[in-house]
2 protein chains.
Amino acid sequence: MAENIVQRLRDEIENGIVTNQFAPGDRLDEMQLAKHFGVSRTPIREALMQLGAIGLIEMRPRRGAVVVEPGPHRIYEMFEVMAELEGMAGSLAARRHTDTDRTGLLAAHARCEHSANADDADTYYYDNELFHHAIYTASHSSFLIEQCTALHRRLRPYRRLQLRVRNRMKTSFSEHGGIVEAILSGEAELARTLLRQHIAVQGDRFSDLVATLSQREAHSG
Amino acid sequence: MAENIVQRLRDEIENGIVTNQFAPGDRLDEMQLAKHFGVSRTPIREALMQLGAIGLIEMRPRRGAVVVEPGPHRIYEMFEVMAELEGMAGSLAARRHTDTDRTGLLAAHARCEHSANADDADTYYYDNELFHHAIYTASHSSFLIEQCTALHRRLRPYRRLQLRVRNRMKTSFSEHGGIVEAILSGEAELARTLLRQHIAVQGDRFSDLVATLSQREAHSG
DNA sequence: ATTCTCATTCTTGCATACAAGAATATTGAC
DNA sequence: GTCAATATTCTTGTATGCAAGAATGAGAAT
C-alpha cells in the first residue's frame with residue numbers, strides 16, 4: 001500500500017473539494033497540505049496535477065492551484081455530454097448484454113427500488129451509481145466504460161445536489177424501470193432516448209440545479 | 001518561456017510515442033529520459049503521469065511506465081465513442097452555429113477540397129483536423145469541445161494510418177460535403193448521423209485498420 | 001491620502017539525495 | 001546441468017534543498 005500515497009491524497013483532496021471543505025476559489029497550498037497529511041510536497045504535487053487533469057482544480061503556473069467553480073452553464077454542458085455517453089452505453093447494452101449483465105442490472109435495479117421506497121437518499125445515491133455502472137458494464141466497451149465512469153465521478157457532487165430536489169428520487173427510480181425494460185428487450189434506440197432524458201438537465205431541472213448550487217454557495221460562504 | 005518544462009516534455013514524449021520512436025511495450029526509463037532531455041527526474045515524472053492520465057502510457061507501481069499498445073479492438077472502441085461525440089457536436093452545431101462558425105466551417109472545407117484535389121495526404125490530414133475543430137467550435141459547448149479535442153488528439157496516429165488506405169482521402173472529403181450542408185441547413189439529426197458514419201470504423205474499414213496496424217508493427221519491430 | 005515603486009517574503013518549480021521494492025545475477029545444492 | 005535462494009544492483013517513490021517568480025507590504029512622492 002506504500003505506492004498508493006498519491007492515490008490516497010488525490011482521493012482525500014478530491015473528497016475535500018466535493019464536500020465543499022475546500023470551497024471553489026480556494027487556493028490549495030502545497031506546504032499546508034503536505035503538513036496536514038504528514039507527507040512531503042512531492043506526492044502532494046502529483047496528486048494536485050492529477051486533479052488538475054481531471055478538471056477539478058486549475059493549476060496556474062507559479063501561482064498555485066485553485067479549486068475550480070464550474071458555474072451552472074458549464075455543469076449543464078457536462079450533463080449534456082454525460083447524457084449522450086450514457087445513451088450510447090444504453091444503446092450498446094441493449095444490443096450486447098449477456099445473462100450476467102442482465103442479472104447485475106436487475107440486482108442494481110432492485111436495490112434502487114429498496115432504497116427509494118425507504119426514502120433513503122444517501123443509499124439511493126449509492127445504489128443509483130451501481131445501477132448506472134451496471135449499464136456501462138453491459139455495453140461491453142471498455143473505453144466507453146472508462147469515459148462514463150470518469151465523467152460520472154466528475155459530476156458526482158452535482159448529482160447528489162439534484163437528489164435533494166423534491167421527488168427527484170422517486171422520479172429517477174420510475175425512469176429506471178423503463179430503461180431496464182428497453183435494455184433487456186434489446187430496444188437499443190429506446191434505451192438511448194430514455195437514458196438521455198434521464199440524465200439531461202432539461203427545463204425545470206436546470207433552474208433547480210442553479211437554485212441548489214446557489215444554496216450551497218450561501219452555505220459555504 | 002522558462003515556465004513550462006513539463007508541458008514541453010509531455011509533448012515531446014507524446015510525439016515520440018505517436019511517431020513510434022517509442023514503440024508500444026517499451027519501458028520509459030525516467031533517468032534515461034532525464035539525461036536525454038537534460039533535466040532532472042522530477043519534471044519527467046510529472047510529464048509521464050500526465051501521459052498516463054491521457055492513457056498513452058501505463059504506469060505500473062514501482063515498475064515504471066510502458067507505452068500502451070491499445071490493440072485493434074480498443075482502437076475500435078475509441079473510434080466508436082469519438083463517432084458519438086462528433087455526432088453530438090454536429091447536431092449541436094446544426095442548431096447553434098453563428099455566422100462566424102459558418103464562415104470558419106466553409107473555409108476549412110475549402111482547404112480540405114484543395115488538399116484533396118492536390119492529393120496531398122499530409123496537408124489533408126492537417127486540414128481535416130481544422131475541419132473537425134470548426135465543427136466542435138460551432139457546437140458552442142466548451143466542455144464538449146474539450147472532450148472532442150482530447151479524444152481527437154488521442155486518435156491522431158490511427159487517423160493518419162487510415163488516410164493511407166486507398167481512396168480514403170477522396171471519400172472523406174466527399175462525406176464532408178454532406179456534413180457541411182446538413183449543419184448549415186440546421187438539420188441536426190442528419191448532421192449527427194452523417195458525422196457518426198464519417199468517423200465510425202465500420203465493416204471494411206476495420207479490417208483496413210487492422211491491416212495498417214500490423215504493417216506498422218512489422219515496420220517498428 | 002493615494003498611488004507607484006522597490007524590497008522582502010513566500011510559494012512554486014526543478015534538482016538532488018535517500019530509502020525501499022523489484023529485477024537480476026551469482027552461488028550453492030540437488 | 002538445472003533450479004532455487006540469496007545478495008547485489010537498479011529503478012522507482014519520497015523527502016529535502018535551492019533558485020526564481022509572484023504576492024505583499026513599506027516608504028516616498030505627488
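A, B, ... follow the sequence lines: proteins, then strands. Residue 1 opens every chain.
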- Item | Nearest-nucleotide pick for A/R45, side chain only, options being C/dT12, D/dT12, D/dT16 |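 Ranking C/dT12, D/dT12, D/dT16 by closest atom to the A/R45 side chain puts C/dT12 first.
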Heteroatom pairs (N/O) under 3.5 angstrom, protein to nucleotides 6-11 of chain C:
residue : atom : partner : partner atom : Å
C/dT11  : O3'  : A/R27   : NH2          : 3.4

- Toward the 5' end of DNA chain D, by each residue's nearest nucleotide, A/R60 or A/V39: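 Here A/V39 is the residue nearer the 5' end.
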Round to a whole Å and report the spacing from [atom1] of [X] to [atom2] of [N].
| X | N | atom1 | atom2 | result |
| --- | --- | --- | --- | --- |
| B/E58 | D/dT12 | CD | P | 15 Å |
| B/R8 | C/dG13 | CZ | P | 16 Å |
| B/R41 | C/dA19 | CZ | P | 15 Å |
| A/L48 | C/dC14 | CG | C1' | 16 Å |
| A/F37 | D/dA15 | CZ | C1' | 18 Å |
| A/I5 | D/dT12 | CD1 | P | 18 Å |
| A/E46 | D/dT12 | CD | P | 13 Å |
| A/R10 | D/dT14 | CZ | P | 14 Å |

- Item | All side chain to side chain donor-acceptor pair (under 3.5 Å) counterparts of A/E84, not counting sequence neighbours |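 Checked A/E84 against side chain to side chain donor-acceptor pair (under 3.5 Å); matches are A/R196, B/R192.
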- Phosphate oxygens OP1/OP2 of D/dT14: is one of them under 4.0 Å from a side-chain N or O of A/T42?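 For D/dT14, neither OP1 nor OP2 has a side-chain N or O of A/T42 closer than 4.0 Å.
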- Which part of the nucleic acid, if any, lies within reach of A/L28 when heavy atoms closer than 4.0 Å are counted: base, sugar-phosphate only, or nothing?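 Since only primed, P, OP1 and OP2 atoms lie under 4.0 Å of A/L28, the category is sugar-phosphate.
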- Item | Under the side-chain contact (heavy atoms from CB on, under 4.5 Å) test, residues paired with B/T149 that sit two or more places apart |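 Residues passing side-chain contact (heavy atoms from CB on, under 4.5 Å) with B/T149: B/H133, B/Y136, B/I145.
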- Task: Measure from the ring center of B/H132 to the ring center of B/H176 and say whether it is less than 6.0 Å.
- Result: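 Yes, ring centres under 6.0 Å apart.
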- Message: For A/H114 and A/Y124, I'd like to know if the aromatic rings sit close, meaning centre-to-centre distance below 6.0 Å.
- Response: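 Not under 6.0 Å, so no.
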For a quick test of your reading: what N or O donor-acceptor pairs under 3.5 Å do the side chains of residues 49-61 of chain A make, sequence neighbours left out?
residue : atom : partner : partner atom : Å
A/Q50   : OE1  : A/R10   : NE           : 2.8
A/R60   : NH2  : A/R63   : O            : 3.3

- Item | Selection residues 121-147 of chain A - residue pairs positive for salt bridge (Lys or Arg N to Asp or Glu O under 4.0 Å), sequence neighbours left out |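 Pairs touching residues 121-147 of chain A that pass the test: A/R111-A/D127, A/E129-A/R156, A/E146-B/R74.
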- Message: Per the salt bridge (Lys or Arg N to Asp or Glu O under 4.0 Å) rule, what does the pair list look like for residues 93-107 of chain B, sequence neighbours excluded?
- Response: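 Listed once each, the pairs are A/E80-B/R96.
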